[in-house]
Chemist: 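Pasting in a structure now, in structure tokens, and then I'll have a few things to ask.
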Amino acid sequence: MTIAERIIDLAKQQKKRQSDIARFLGVRATTVSEWYKGKHDISASYYPKLAEYFGVSLDYLITGNEPRGAPAAPLQQIIGNNNSHNTAIAGDMSDGLSALDLELLKVVSGFGIREKTEVLHFAYQIEKEIKSGGGF
């Protein structure tokens, strides 16, 4: 399920209208309508506000999964504020990660919240294209 599909599902469950979402975000109702129709992707800069609006974690909004267990730092705690020096330690995460994976993490760790969110959004777009058989 995509982020847009999750938002549509949350809106239905909570009986929220597109115009309510638009008003909360400060965008035109047609913008939200275009998200619903799949004409435009939702800018990652709206993710934190959408999670707040629907009362869900940023983890859930992005991945569809709630964080597991209290000790693990949820994604929202990692990227959910403007502190560009956020760090989460969940044991030795280098197990199973290639040198390329570690380098990607190193580079992205120096980004600010908006850039990290945009990279994550872009990664999900790539993943979607690959899964649909379109490649990248």
Side-chain angles (χ1 to χ4, degrees):
M1 182 180 280
T2 67
I3 291 172
E5 291 168 333
R6 249 184 301 289
I7 288 169
I8 293 167
D9 188 52
L10 286 165
K12 285 180 186 175
Q13 289 174 18
Q14 297 179 17
K15 297 180 177 30
K16 305 224 176 174
R17 298 180 316 214
Q18 292 178 25
S19 59
D20 297 330
I21 298 168
R23 191 173 15 266
F24 181 80
L25 295 175
V27 299
R28 294 176 306 160
T30 55
T31 300
V32 177
S33 176
E34 290 171 347
W35 296 343
Y36 270 58
K37 294 175 183 174
K39 291 184 178 180
H40 294 286
D41 288 330
I42 301 167
S43 170
S45 64
Y46 292 117
Y47 294 176
K49 295 258 323 164
L50 285 164
E52 174 188 342
Y53 181 73
F54 288 111
V56 298
S57 70
L58 193 53
D59 293 59
Y60 177 78
L61 188 67
I62 294 172
T63 68
N65 299 312
E66 288 293 347
R68 295 184 187 184
L75 182 60
Q76 190 168 8
Q77 290 176 346
I78 298 169
I79 68 169
N81 63 43
N82 292 325
N83 180 355
S84 63
H85 302 290
N86 292 326
T87 305
I89 300 173
D92 183 6
M93 293 191 54
S94 64
D95 290 346
L97 296 179
S98 69
L100 181 58
D101 294 333
L102 292 171
E103 185 64 22
L104 283 166
L105 290 171
K106 180 180 164 187
V107 169
V108 173
S109 70
F111 292 176
I113 180 66
R114 290 179 191 245
E115 293 85 5
K116 286 178 183 177
T117 306
E118 288 292 330
V119 168
L120 185 61
H121 180 68
F122 184 63
Y124 282 124
Q125 288 178 322
I126 293 171
E127 179 185 46
K128 181 180 174 182
E129 288 182 29
I130 291 170
K131 285 182 178 178
S132 70
F136 182 73

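Given the structure is predicted, the values throughout are model-derived calculations rather than measurements.
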Chemist: With a 4.5 Å cut-off on side-chain heavy-atom distances among I, L, V, M, F, W and Y, is there a chain of contacts connecting L100 to L105?
Modeler: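 In one cluster with L100: L105, no.
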Chemist: Work out which heavy atom in Y36 is nearest to a heavy atom in I7; give both atom names and the distance.
Modeler: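 The answer is OH-O, 4.4 Å.
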Chemist: Starting at CG of D9, measure out to CZ of F54 and round the result to the nearest 0.5 Å.
Modeler: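 Going from the CG atom of D9 to the CZ atom of F54 covers 9.5 Å.
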Chemist: Is it possible for you to say whether Y47 and V27 belong to one hydrophobic cluster, with membership spreading through side-chain heavy-atom contacts below 4.5 Å?
Modeler: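 Same cluster: Y47 reaches V27 through Ile, Leu, Val, Met, Phe, Trp or Tyr contacts under 4.5 Å.
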Chemist: I need the minimum non-hydrogen distance between Y53 and K16, along with the two atoms involved.
Modeler: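 Closest pair (atom of Y53, atom of K16, distance): OH-CD, 3.1 Å.
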Chemist: Please find the pair of heavy atoms, one from A51 and one from L61, that lie closest to each other, and give the distance.
Modeler: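 Closest approach of A51 to L61, heavy atoms only: N-CD2, 3.8 Å.
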Chemist: Would a 4.5 Å heavy-atom cut-off, applied to side chains only, mark Y124 and T63 as touching?
Modeler: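 Yes, side chains in contact.
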Chemist: Yes or no on side chain to side chain contact (heavy atoms under 4.5 Å, CB included) for E103 and S98, after CA distance, side-chain angles and deciding distance?
Modeler: CA-CA 9 Å; E103 185 64 22; S98 69; over 6 Å; no
Chemist: Please enumerate all residues that pass side chain to side chain contact (heavy atoms under 4.5 Å, CB included) together with K39, with sequence neighbours excluded.
Modeler: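 Only E34, K37 meet the side chain to side chain contact (heavy atoms under 4.5 Å, CB included) criterion with K39.
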Chemist: Do you know the tightest heavy-atom contact between I42 and A4?
Modeler: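 In this case the closest contact between I42 and A4 is CD1-CA, 3.9 Å.
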Chemist: Side-chain contact test, heavy atoms from C-beta onward, threshold under 4.5 Å: evaluate it for Y60 versus L10 and give yes or no.
Modeler: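 In contact.
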Chemist: Looking only at heavy atoms, which two atoms of Q125 and D41 are closest? And how far apart?
Modeler: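 What the structure gives for the nearest pair is NE2-OD2, 2.5 Å.
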Chemist: Looking only at non-hydrogen atoms, find the nearest pair between K49 and L25 and report the distance.
Modeler: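 Scanning both residues completely, I find the closest heavy atoms to be CB-CD2, 3.6 Å.
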Chemist: With heavy-atom distances below 4.5 Å as the criterion, would you say the side chains of I8 and W35 are in contact?
Modeler: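 The answer is no, as the side chains (C-beta and beyond) never meet within the 4.5 Å cut-off.
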Chemist: Check this for me: does any side-chain nitrogen of one of D20 and R23 sit under 4.0 Å from a carboxylate oxygen of the other?
Modeler: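 Yes, charged N to carboxylate O under 4.0 Å.
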Chemist: Can you list the steps and then say if E52 with F24 is a side chain to side chain contact (heavy atoms under 4.5 Å, CB included)?
Modeler: CA-CA 10 Å; E52 174 188 342; F24 181 80; 3.9 Å; yes
